[in-house]
There are 2 protein chains.
Amino acid sequence: MTQLMLTSTVENYLKALLKLSNQGENRVSTGDLAKALHVTPGSATSMIKTLAEAGLAHHKPHYGVLLTEKGHILAVHVVRRHRIIELFLVNVLEMEWDEVHAEAEQLEHVVSDEVITRMDKLLGYPTLDPHGDPIPTADGMFIERPLHPLSQCEAGQRVQVARISDQNSSFLKFAESHGLTLGATIEVQRRNEHAESITLQSNEEEITLGFTAANRIEVEFVK
Amino acid sequence: MTQLMLTSTVENYLKALLKLSNQGENRVSTGDLAKALHVTPGSATSMIKTLAEAGLAHHKPHYGVLLTEKGHILAVHVVRRHRIIELFLVNVLEMEWDEVHAEAEQLEHVVSDEVITRMDKLLGYPTLDPHGDPIPTADGMFIERPLHPLSQCEAGQRVQVARISDQNSSFLKFAESHGLTLGATIEVQRRNEHAESITLQSNEEEITLGFTAANRIEVEFVK
DNA sequence: CACTCCTTTTTGATTAGTCAAAAATTATAC
DNA sequence: GTATAATTTTTGACTAATCAAAAAGGAGTG
Ligand SMILES: [Mn+2]
Ligand SMILES: [Mn+2]
Ligand SMILES: [Mn+2]
Ligand SMILES: [Mn+2]
């Protein structure tokens with residue numbers, strides 16, 4: 001239970017663990033963690049041990065890692081900072097939604113609670129970031145909405161874009177240029193299972209996305 | 001001329017060198033640099049060598065250090081970021097002038113040029129930060145005003161507070177609580193050379209400062 | 001010039017985070 | 001169930017930044 005500095009590196013590991021344990025089952029593999037952070041498996045193993053030592057993660061060697069409650073709380077707070085910062089950059093500094101992720105990725109580690117509190121207030125206590133990701137509350141609660149991956153929608157469905165992954169800046173630019181912004185209503189024209197693609201009517205144009213790309217978009221069904 | 005990462009540490013050394021070479025003569029001693037950064041002289045020596053190696057400083061051993069033009073330009077840009085951030089925190093996020101320095105000290109190393117440009121625009125291209133320090137222009141020019149240390153003012157002089165050192169948060173709180181804010185007009189009642197103190201009339205109250213404290217305030221003369 | 005004092009530099013160690021490559025372990029195939 | 005493949009862990013090495021303490025250098029005094 002050695003005390004551990006909450007460096008940017010540590011915070012990034014915690015955030016990656018939170019994300020990876022929410023998608024898929026639960027335990028996170030060393031390899032997946034290493035890939036997510038663009039480090040070698042050896043580096044990941046060594047940080048996993050450090051986190052376990054500090055009581056922020058459980059580690060069963062050769063099996064997997066999982067955040068402890070303490071680690072989970074810290075991770076959620078980093079995510080909260082990240083998303084509030086993103087929204088602030090878009091709403092107050094009028095930055096593009098495709099450039100704020102990289103910026104927030106740095107700022108999330110240095111901005112004080114005081115600043116986050118004031119941004120939160122100025123933004124009117126928002127619940128969603130510019131990409132439709134939920135902003136956890138100050139006491140660490142996520143309000144998840146029941147959304148559906150666009151990749152799994154059926155032909156004929158009318159849906160509303162509710163969330164787009166912020167991980168890929170150029171995909172965001174592409175999406176926006178074809179009217180795929182938050183709140184936009186689109187209609188699924190057809191699916192092609194063999195081609196693994198889905199074709200949509202957005203604005204006046206028809207656009208076809210591979211399933212992998214479509215998977216980066218989540219939607220709400222429209223009446 | 002080895003390429004050097006511009007880490008927070010390196011930027012802080014550059015900033016300290018800029019500051020120390022402007023006040024007093026020119027060359028900076030290892031000891032002063034070490035004191036300014038709260039590191040041991042050995043650490044300072046080692047970073048000085050690194051900076052010299054990277055072409056950011058000239059170093060004549062046992063004599064002193066000085067920024068090269070390249071190092072000077074980098075340092076000024078860090079100062080620009082610092083001061084724009086401070087003003088942004090006060091004007092947009094409504095933080096107190098005594099809490100923004102510590103915050104800016106972190107943010108100055110991670111905020112992108114894009115963000116600085118937008119803050120600058122939103123603030124209306126300001127020339128002074130919340131403590132009256134000049135904000136260098138984007139191309140690195142300082143506009144220095146002809147100010148006078150309050151510590152050297154004579155009895156009877158009416159002066160306007162134009163600049164207060166931001167290094168000491170509690171001094172800023174103290175100053176504000178006695179009406180010593182930017183633009184405030186005060187009158188020097190008397191000096192006591194033996195006590196090394198100066199007594200002022202500010203608002204309705206009389207207040208006495210030691211020369212060292214008074215030295216942290218710069219003023220303009222009022223007709 | 002020689003001695004002292006102060007400052008600077010050097011040396012050796014430490015910590016965080018990383019990688020490359022070897023070793024160990026678990027999973028898969030036959 | 002043994003061989004092979006994939007994953008994970010370990011080991012050894014490296015870099016940035018630091019400190020403590022020893023060594024070296026410079027300035028002033030007599
Ligand atoms: Mn993001
Ligand atoms: Mn986001
Ligand atoms: Mn400051
Ligand atoms: Mn300032």
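Each chain gets a letter, A, B and so on, in the order the sequences are listed, and its residues count up from 1. What you see below is based on every heavy atom in this structure, not just the backbone, and it leaves out hydrogens, waters and symmetry mates.
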**Asked** At under 4.0 Å, does any side-chain N or O of A/Y63 touch on OP1 or OP2 of C/dA27?
**Response** no
**Complete:** Rounded to whole Å, CG of B/L37 lies from P of D/dA17 at a distance of 12 Å
**Message:** With nearest nucleotide decided by heavy atoms, which residue, A/Y13 or B/K35, maps closer to the 5′ end of DNA chain C?
**Reply:** B/K35
**Message:** Can you tell me which nucleotide in D/dT9, D/dA17, C/dC19 comes closest to the side chain of A/T45?
**Reply:** D/dT9
**Asked** Any chance CG of A/D113 has more than 12 other-residue heavy atoms, nucleotides or ligands included, within less than 6.0 Å?
**Response** no
**Asked** Has the side chain of B/R83 got a donor or acceptor atom that lies under 3.5 Å from a matching backbone atom of B/P134?
**Response** yes
**Asked** D/dT9 phosphate, OP1 or OP2: any side-chain N/O from A/H59 under 4.0 angstrom?
**Response** yes
**Prompt:** Can you check the B/H38 NE2 to D/dC19 C1' distance for me, whole Å?
**Reply:** 16 Å
**Prompt:** OP1 or OP2 of C/dG17 less than 4.0 angstrom from a side-chain nitrogen or oxygen of A/S43, does that happen here?
**Reply:** no
**Request:** Specify the separation, in whole Å, of atom CD1 of B/I48 and atom C1' of D/dA17.
**Result:** 14 Å
**Nearest-Å distance for atom pair CG/P, residues B/L14 and D/dA17** = 11 Å
**Request:** Run through B/E96, B/M119, B/E103, B/E99 and flag the one making a side chain to side chain contact (heavy atoms under 4.5 Å, CB included) with B/L89.
**Result:** B/E103
**Asked** Touch check for B/M47, heavy atoms < 4.0 angstrom, all strands: base, sugar-phosphate only, or nothing?
**Response** sugar-phosphate
**Candidates C/dC19, D/dA17, D/dT8 - which lies nearest the side chain of A/S29** = D/dT8
**Fill in**
From the candidates D/dT18, D/dT10, D/dT9, the one with an atom nearest any side-chain atom of A/K49 is D/dT10
**Message:** I need the NZ-C1' distance between A/K60 and D/dT7, as an integer number of Å.
**Reply:** 16 Å
**Asked** Looking at the side chain of A/T9, which of D/dC19, C/dT9, C/dT18 is the nearest nucleotide?
**Response** C/dT18
**Message:** Does A/H101 form a side-chain hydrogen bond (donor to acceptor under 3.5 Å, both in side chains) with A/H131? I'd like the steps, not just the answer.
**Reply:** CA-CA 10 Å; A/H101 178 72; A/H131 313 99; over 6 Å; no
**Request:** Would you mind classifying the nucleic acid contact of A/G42 as base, sugar-phosphate or nothing, using non-hydrogen atoms under 4.0 angstrom?
**Result:** base
**N or O in side chain of A/T30 less than 4.0 angstrom from D/dT7 OP1/OP2** = no
**Atom OH of B/Y63 with >12 non-hydrogen neighbours under 6.0 angstrom** = no
**Message:** Of the listed nucleotides (D/dC19, D/dT10, D/dT9), which one gets closest to any side-chain atom of B/T40?
**Reply:** D/dC19
**Request:** Verify the distance criterion only: is there a donor paired with an acceptor across the side chains of B/S46 and B/S43 at less than 3.5 Å?
**Result:** no
**Request:** Could you tell me the separation between the NE2 atom of A/H62 and the P atom of D/dA6, rounded to a whole number of Å?
**Result:** 16 Å
**Prompt:** Could you give the CE-to-C1' distance, from B/M5 to D/dA17, as a whole number of Å?
**Reply:** 16 Å
**Request:** Would you classify B/T7 as touching base, sugar-phosphate or nothing, given that sugar-phosphate means primed atoms plus P, OP1 and OP2, and contacts are heavy atoms under 4.0 Å?
**Result:** sugar-phosphate
**Complete:** B/L33 CG to C/dT8 C1', in whole Å, measures 12 Å
